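For reference, the structure is listed below as structure tokens.
The model shown is predicted, which means the values in this text are computed figures rather than measured ones. Lettering of chains follows the sequences in order, A, B, ..., and the numbering in each one begins at 1.
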Number of protein chains: 2
Amino acid sequence: MKRPTLLHVAQKAGVSRATASLVVRGSSLVSAATRKRVEAAMVELGYVYNLGAAGMRASRSRTVGVIVPDLTNPFFAVLLAGIEAALETAGLAVVLANSNENVEKQNGFIRRMREHGVDGLIVCPAEGTEKALVEDAARWGMPLVQALRFVRDTVSDYAGTDYRGGMLEATNHLIALGHRRIAFINGNREHSGRTDRLEGFLAAMDGGGLEPLFVLELQLTHRAARAAALEIMHRPDPPTALICFNDVVGLGLHRGLCDLGVEIGRDVSLVGFDDVAEADLIRPALASVATEPFKVGQSAARLLLRRISEPDAEFRHEIEPTRFVLRRSCGPAPSQA
Amino acid sequence: MKRPTLLHVAQKAGVSRATASLVVRGSSLVSAATRKRVEAAMVELGYVYNLGAAGMRASRSRTVGVIVPDLTNPFFAVLLAGIEAALETAGLAVVLANSNENVEKQNGFIRRMREHGVDGLIVCPAEGTEKALVEDAARWGMPLVQALRFVRDTVSDYAGTDYRGGMLEATNHLIALGHRRIAFINGNREHSGRTDRLEGFLAAMDGGGLEPLFVLELQLTHRAARAAALEIMHRPDPPTALICFNDVVGLGLHRGLCDLGVEIGRDVSLVGFDDVAEADLIRPALASVATEPFKVGQSAARLLLRRISEPDAEFRHEIEPTRFVLRRSCGPAPSQA
DNA sequence: CTGAAAGCGCTTACAG
DNA sequence: CTGAAAGCGCTTACAG
């Protein structure tokens, strides 16, 4: 009933424990014949390598901590899938935690991950995360990569998406279509992804010699966006184009505008962000900015692997480019009356 | 630079290592004064508990392996969120793996999880998983819970959703609306979730004295479903109602039917499954069957915790009920010509 | 290419 | 309430 150990394997194979250990780790110091014998013994006994014991001696766990702010958001789920895929290729397991945008929970998880002895940490910092996240990790000698969000004024590896460039491109597109009264419908979460997007929007407007019509902040739910349509369109000077923080807002607004009888793509143009599958299912289809969370995840994992093996390498930021996807929700600005 | 150990803490506090160990574990055998001294020493040294070393001695890792078939599917992501939430409350960390519906990868992950010494396993069996999954776990004494899918003819704990009941209710609803020519648009993945749904559909049809018009199997993508609309509606005897494996199929068909100029809810009724957020955003809104993956995840975690603490408890199946959500995509059967 | 010894950081009885 | 000793299952030098 008890799990066999390397010692049992060694005895059965008639070698010492050290030799058996070399076999498990695939060392070339062992003769083929001995290896065969040891491997046969392992199979026969149903031996399972004990990574915990091995890690204790070698002081690594072959384990990486990943902390995301919201697993139910498909965007983070896909990011996680990318991280997992790349890490698993390297033989590292993911220890997962969901901070729920709560910095204290996040800190608790980081502590627990340290107790588990993870070899490194990938964190999408929860809203309100402070510099201490990065400074502490450096002090502990814990390899750390920030993903998708970057705590201001910190120094660490980072894998993200070009929020700024994506918004810039989308806004430029609207300007080229002749729109002048363009509003930005932002999220209400305080993190770098939000700032970067707003910056991209403002830069494009500025480049076109335009003033933003207004910037509205919404809760990031379909419901809130849908409800906001009325307020947005009933302003004295309504926008001819709306550019949204993400597709959740974009899809919600789409529905809200339809409810109001507004014809999207003619009366008002609408652009989302993320290019979720549903953007292409509704009618008129929602123009959006495609990001690649899976790739961002892979790149975060690669950065961490590099940091683990070269603790003193220069810090790197890998920014995945975005791609504007034009669809029917965007049309030329209505001719002025 | 080196991480302080319990021995350092003990020396600094002037106690033995065993006493320090009692303090870390919150034992009541230590006097308040001693506890204070030890805790102060821990803070001062920046001591971090080493769960790996502790687990090795106590032979548990405070870690649970979770294997899902597809992280990019929001349904599994939310399931995972539920598992994580419940496990984290109990102080257990999740070691995550994504099988990609690949049984061999799944087996590889299970082996690795054993090497990591997880205290238990929650698995959504990949398509084609055999009984060995459950039998092996039993032989190893590894606590195992199956989630969302159940390998036929196995005996283990299980947390799932009432696929059968949900389909039964939805189909009955269509029958009550006067539909007779009802088709089932199934997925092409071989697992219990698919069989259960089909069973529910067939049972309802049988109960209504009806023959299924036909059962179609599709790849589970928006694209495939969208493309299938033409074939479905151009049959000699087209359906008046379609009931879909899930909302991916439902949303794709919705779009495909719109493309054909079919008026959904009047010419043909359409029902999805899962009730994703987008079902309520498209027009006409898609009737669907709401499931609760987060709750299923929580219940899977609870079952596992119970199995870990009571290895010999009777096996339990917890089936979360579903809820039919009527929307405009469903209407009375068109009157016969 | 293989073996004997020490040690990774903790917990577990067992004494006192 | 506290301490000395053994051991969890491995790896790491060091010899040979």
Nearest of [options] to any side-chain atom of [X]?
X	options	result
R25(A)	dC8(D), dA6(D), dT12(D)	dT12(D)
R57(B)	dG7(D), dG9(C), dT11(D)	dG7(D)
V30(A)	dT11(C), dC10(C), dT2(C)	dT2(C)
A54(B)	dC10(D), dC8(C), dT11(C)	dT11(C)
T34(B)	dT2(D), dT11(C), dC10(D)	dT2(D)
A18(A)	dG9(C), dA4(C), dC10(D)	dA4(C)

Could you check how far [atom1] of [X] sits from [atom2] of [N], rounded to whole Å?
X	N	atom1	atom2	value
Y49(B)	dC8(C)	OH	P	18 Å
M56(B)	dG7(D)	CE	C1'	8 Å
L22(B)	dT12(C)	CG	C1'	10 Å
L29(A)	dA15(D)	CG	C1'	15 Å
N50(B)	dC10(D)	CG	C1'	14 Å
R60(A)	dC8(C)	CZ	P	17 Å

- request: Just name whichever nucleotide pairs with dA15(D), Watson-Crick or G-U, keeping both distances under 3.5 Å, else none.
  value: dT2(C)

query: Can you tell me how far CG of L45(A) sits from CZ of R3(A), rounded to the nearest 0.5 angstrom?
result: 13.0 Å

message: So, taking the atom named CZ in R302(A) and the one named CG in D157(A), what distance separates them when rounded to the nearest 0.5 Å?
response: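 Reported to 0.5 Å precision, the distance equals 12.5 Å.
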
message: Check the phosphate of dG9(C) against T5(B), side-chain N and O only, distance under 4.0 Å to OP1 or OP2. Yes or no?
response: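 It does not, given that no N or O in the side chain of T5(B) lies less than 4.0 Å from OP1 or OP2 of dG9(C).
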
query: Taking OP1 and OP2 of dT2(D), is either one under 4.0 Å from a side-chain nitrogen or oxygen of T19(B)?
result: no

- prompt: Is R307(A) close enough and on-axis enough to F315(A), meaning under 6.0 Å and within 45°, for cation-pi?
  reply: yes

- request: Could you tell me whether R306(B) and E314(B) have a side-chain N and a carboxylate O separated by less than 4.0 Å?
  value: yes

message: As a test of understanding, state which of V68(B), V123(B), L79(B) forms a side chain to side chain contact (heavy atoms under 4.5 Å, CB included) with L148(B).
response: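 Considering V68(B), V123(B), L79(B), a side chain to side chain contact (heavy atoms under 4.5 Å, CB included) with L148(B) is found only for L79(B).
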
Closest-nucleotide 5' rank along DNA chain D - winner of S31(B) and S21(A):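 The residue closer to the strand's 5' end, by nearest nucleotide, is S31(B).
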
